[in-house]
Student: 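This structure is in structure tokens; I'll ask about it shortly.
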Amino acid sequence: MLLTRRLAKYKNRLLVACFVLILSSCAIHLVSDFDKQSLQQMQAVASQVEQHFISLQYVEKSQRLFEQSKDNYIAIEVALQALKVRQAMRPLNEQTLKQVDIALDLWSKDIASHKKQNTVSDFILQRHRQQYQRLFLAMIKGEEAKKVN
């Protein structure tokens, strides 16, 4: 009887140990894996956007004509669309895809506003530059957080 109790005691401990081992070996992926090319692409687009806003700051407000910025707008929109396609192909990547969609939406609004007003104020340049910096920083940090150490 004493032996039966000891076996039952160890049996329960063995079951708990097996359960813990099984759980620890099961990894649940809730986000996509780290992708170095996506990170590089995000950094490149962020750099293009930064260059666009900085170059506009060096031009007098009256000379910030839409037609002079049109090629930059197109190049950045193409880069954002390419980033979107890459992110859409990755499984479990909804958050990054939403961030790219936000960037595309903001970019489209910036294009429309510049086209309509045919200039951009210093205030808007600074505000939008900071907005894109925060957005790309969130994307880049999010991608870097996916690295498995």
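For clarity, every value in this text was computed on a predicted model and none was experimentally measured. Heavy atoms only: backbone and side chains are in, while hydrogens, waters and symmetry mates are out.
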Student: So do Val120 and Phe53 actually touch side chain to side chain, heavy atoms under 4.5 Å?
Tutor: no
Student: In this structure, would Tyr58 and Leu56 fall into the same cluster of hydrophobic residues linked by side-chain contacts under 4.5 Å?
Tutor: no
Student: Out of curiosity, Lys115 NZ to Glu67 CD, how far, rounded to the nearest 0.5 Å?
Tutor: 9.0 Å
Student: Is there a side-chain contact between Gln87 and Met42, using heavy atoms and a 4.5 Å cut-off?
Tutor: yes
Student: Measuring only between side-chain heavy atoms, which start at C-beta, is Ile76 closer than 4.5 Å to Tyr132?
Tutor: no
Student: Within the 4.5 Å heavy-atom criterion, are Leu135 and Leu106 side-chain neighbours or not?
Tutor: yes
Student: Could you grab the distance from atom CZ of Phe136 to atom NZ of Lys141, nearest 0.5 Å is fine?
Tutor: 15.5 Å
Student: Parallel, tilted or perpendicular: which fits the ring planes of His114 and Tyr73, with parallel below 30° and perpendicular above 60°?
Tutor: perpendicular
Student: Is a donor on one side and an acceptor on the other found under 3.5 Å between the side chain of Ser108 and the backbone of Leu104?
Tutor: yes
Student: Just jot down the side-chain contact (heavy atoms from CB on, under 4.5 Å) partners of Leu65, sequence neighbours excluded, or say none.
Tutor: Gln68, Asn118
Student: Can Trp107 be reached from Ile102 by stepping across I, L, V, M, F, W or Y side chains whose heavy atoms are under 4.5 Å apart?
Tutor: yes
Student: I need the minimum non-hydrogen distance between Ser32 and Pro91, along with the two atoms involved.
Tutor: CB-O, 3.0 Å
Student: What closest approach, in Å, do Val59 and Gln63 show between heavy atoms, and which atom pair accounts for it?
Tutor: CG1-CB, 3.4 Å
Student: Report the distance from atom CZ of Phe66 to atom CD of Gln117, rounding to the nearest 0.5 Å.
Tutor: 12.5 Å
Student: Hey, could you give me the CD/CG distance between Gln41 and Leu83, rounded to the nearest 0.5 Å?
Tutor: 4.5 Å
Student: Any chain of hydrophobic side-chain contacts (each under 4.5 Å) joining Val45 to Leu97?
Tutor: no
Student: Look only at the side chain of Ser113 and the backbone of Lys109, and say whether a donor-acceptor pair between them is shorter than 3.5 Å.
Tutor: no
Student: Mind checking the CD-CD1 spacing from Gln133 to Ile140? Nearest 0.5 Å is all I need.
Tutor: 10.5 Å
Student: Pick one: which of Lys98, Lys146, Arg86 meets side-chain hydrogen bond (donor to acceptor under 3.5 Å, both in side chains) with Asn93?
Tutor: Lys146
Student: If the test is salt bridge (Lys or Arg N to Asp or Glu O under 4.0 Å), which one of Arg129, Arg64, Lys61, Arg127 qualifies with Asp122?
Tutor: Arg64
Student: Assigning hydrophobic clusters by single linkage (Ile, Leu, Val, Met, Phe, Trp, Tyr; side-chain heavy-atom cutoff under 4.5 Å), is Met139 placed with Phe34?
Tutor: yes
Student: Take atom CD in Glu50; do more than 12 heavy atoms of anything else shown fall under 6.0 Å from it?
Tutor: yes
Student: Quick one: CD on Glu143 to OG on Ser38, what's the gap to the nearest 0.5 Å?
Tutor: 5.0 Å
Student: Would you confirm whether Ser121, through its side chain, and Ile124, through its main-chain N or O, come within 3.5 Å as a donor-acceptor pair?
Tutor: yes
